[in-house]
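Structure record follows, encoded as structure tokens.
By convention here, the first residue in the shown sequence is residue 1. It should be emphasised that the depicted structure is a prediction, and the values quoted were computed from it without experimental measurement.
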Amino acid sequence: MTGTLVLAGTPIGDITDAPPRLAAELAGADVIAAEDTRRLRRLTQALGVQPKGRVVSYFEGNEAARTPELVEALLGGSRVLLVTDAGMPSVSDPGYRLVAAAVEKDIRVTAVPGPSAVLTALALSGLPVDRFCFEGFLPRKAGERLSRLREVAEERRTLVYFEAPHRLDDTLAAMSEVFGSDRRAAVCRELTKTYEEVRRGPLAELAEWAEAGVRGEITVVVEGAPERDGGELGAEELVRRVRVREEAGERRKEAIAAVAAEVGLPKREVFDAVVAAKNAEGTAGSRNATPVTP
């Protein structure tokens, strides 16, 4: 009989948020795979638990190499508990690779629900939470970050991101550029910890605030794009939407068709707006060109 893989959610800040079942799983697991064994030790001490099982490290650097070893333990009947530094394993943390490998071998996978920075930030943001998208961490490079943001510029669902504190100002500035300076957002810092803070406001205002420097664990919640009636959109906005899609990698023909479907207008109307803008840019360039004298 095969064993069971248990994904255990751990507190994102306040240790007293740990569910009672977490202590029981830590005490009874045959193997505990931990993102950081030192943090695991602090967690078990705080909960008054003495693990009986073998403890191994399981982090981004050794995830690929250690997964087969853990799968073998599961196939041998072991109960393997996976814990990360905070929150639920595999959600922007190690774990997905092991879950996929276990599922492929028909090994039972279950979870100990726990605190979630994503859901906590959504609940505190004051923004719509009936529909949302979790986007994880944005790329570090500026160009790739802008490209990723442009892919969701017209997403109507609320967006949730994780971000490092030293990159927060650049990220908020990029969001302001792509989503619009007036788009509402909330920066949630140090959730459930002593210095918890939720800063709400337009993206431009939040970007300016973050320039002074921010510390701690950061979750950013951004309002989704407003729903607009295609008939109310001007040519300039239609052209902007097409360009956003082109910059994200779509061919112009596909971008025009997507924007037309999105706003409920004929493709010809969007196409004409793009052509007119291109012609206007060409005319302006001709006027500004320096004449060549013979």
Hey, does [Y] have a side-chain heavy atom less than 4.5 Å from the side chain of [X]?
| X | Y | value |
| --- | --- | --- |
| Thr10 | Asp85 | no |
| Thr2 | Lys105 | no |
| Leu146 | Val178 | yes |
| Pro19 | Val112 | yes |
| Leu124 | Val198 | yes |
| Arg252 | Val274 | yes |
| Lys193 | Asp14 | no |
| Val56 | Ile32 | no |

Side chain to side chain donor-acceptor pair (under 3.5 Å) contacts touching residues 202-225 (sequence neighbours left out):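 Qualifying pairs, neighbours excluded: Arg184-Glu223.
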Test log, rule side chain to side chain donor-acceptor pair (under 3.5 Å), inputs Asn62 and Ser57: CA-CA 8 Å; Asn62 72 354; Ser57 63; 3.2 Å; yes
Should [X] and [Y] be counted in the same cluster of Ile, Leu, Val, Met, Phe, Trp and Tyr side chains packed under 4.5 Å apart?
| X | Y | result |
| --- | --- | --- |
| Phe59 | Leu7 | no |
| Val103 | Leu5 | yes |
| Phe179 | Val244 | no |
| Met88 | Leu22 | no |
| Leu265 | Val275 | yes |

Leu82/Val6 under side chain to side chain contact (heavy atoms under 4.5 Å, CB included): CA gap, chis, key distance, verdict: CA-CA 6 Å; Leu82 177 60; Val6 183; over 6 Å; no
Would you say [X]'s side chain and [Y]'s backbone share a donor-acceptor pair under 3.5 angstrom?
| X | Y | answer |
| --- | --- | --- |
| Ser125 | Leu127 | yes |
| Asp17 | Ile12 | no |
| Ser147 | Gly143 | no |
| Arg148 | Leu138 | no |
| Thr158 | Pro128 | yes |
| Ser78 | Gly3 | no |
| Asp170 | Arg167 | no |

How many angstroms lie between [atom1] in [X] and [atom2] in [Y], if you round to the nearest 0.5 Å?
| X | Y | atom1 | atom2 | result |
| --- | --- | --- | --- | --- |
| Arg199 | Cys188 | CZ | SG | 12.0 Å |
| Ile218 | Thr171 | CD1 | OG1 | 10.5 Å |
| Glu151 | Glu250 | CD | CD | 9.0 Å |
| Glu155 | Leu159 | CD | CG | 6.0 Å |
| Leu40 | Leu26 | CG | CG | 6.5 Å |
| Leu206 | Leu168 | CG | CG | 8.5 Å |

Taking NZ, NE, NH1 and NH2 as the nitrogens, is one of them in [X] or [Y] under 4.0 Å from a carboxylate oxygen of the other?
| X | Y | result |
| --- | --- | --- |
| Arg243 | Glu246 | no |
| Glu69 | Arg66 | yes |
| Arg79 | Glu25 | yes |
| Lys267 | Glu254 | no |
| Arg39 | Glu35 | no |

Working for salt bridge (charged side-chain N to carboxylate O under 4.0 Å, His left out), residues Arg189 and Glu196: CA-CA 6 Å; Arg189 187 180 72 85; Glu196 176 181 279; over 6 Å; no
Candidate pair Tyr58 and Thr84, rule side chain to side chain donor-acceptor pair (under 3.5 Å), full reasoning: CA-CA 8 Å; Tyr58 190 76; Thr84 51; over 6 Å; no
Verdict with reasoning, Thr4 to Val109, per side chain to side chain contact (heavy atoms under 4.5 Å, CB included): CA-CA 6 Å; Thr4 300; Val109 181; over 6 Å; no
Atom CZ of Arg140 with >12 non-hydrogen neighbours under 6.0 angstrom: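 No.
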Phe137 atom CZ, neighbour heavy-atom count above 12 within 6.0 Å: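 Yes.
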CA sep, side-chain torsions, deciding dist, call: Phe134, Phe162, ring pair (Phe, Tyr, Trp, His ring centres under 6.0 Å): CA-CA 9 Å; Phe134 175 57; Phe162 288 159; 5.0 Å; yes
Stepwise salt bridge (charged side-chain N to carboxylate O under 4.0 Å, His left out) test for Glu237 and Arg240: CA-CA 5 Å; Glu237 173 63 14; Arg240 186 193 71 80; 3.0 Å; yes
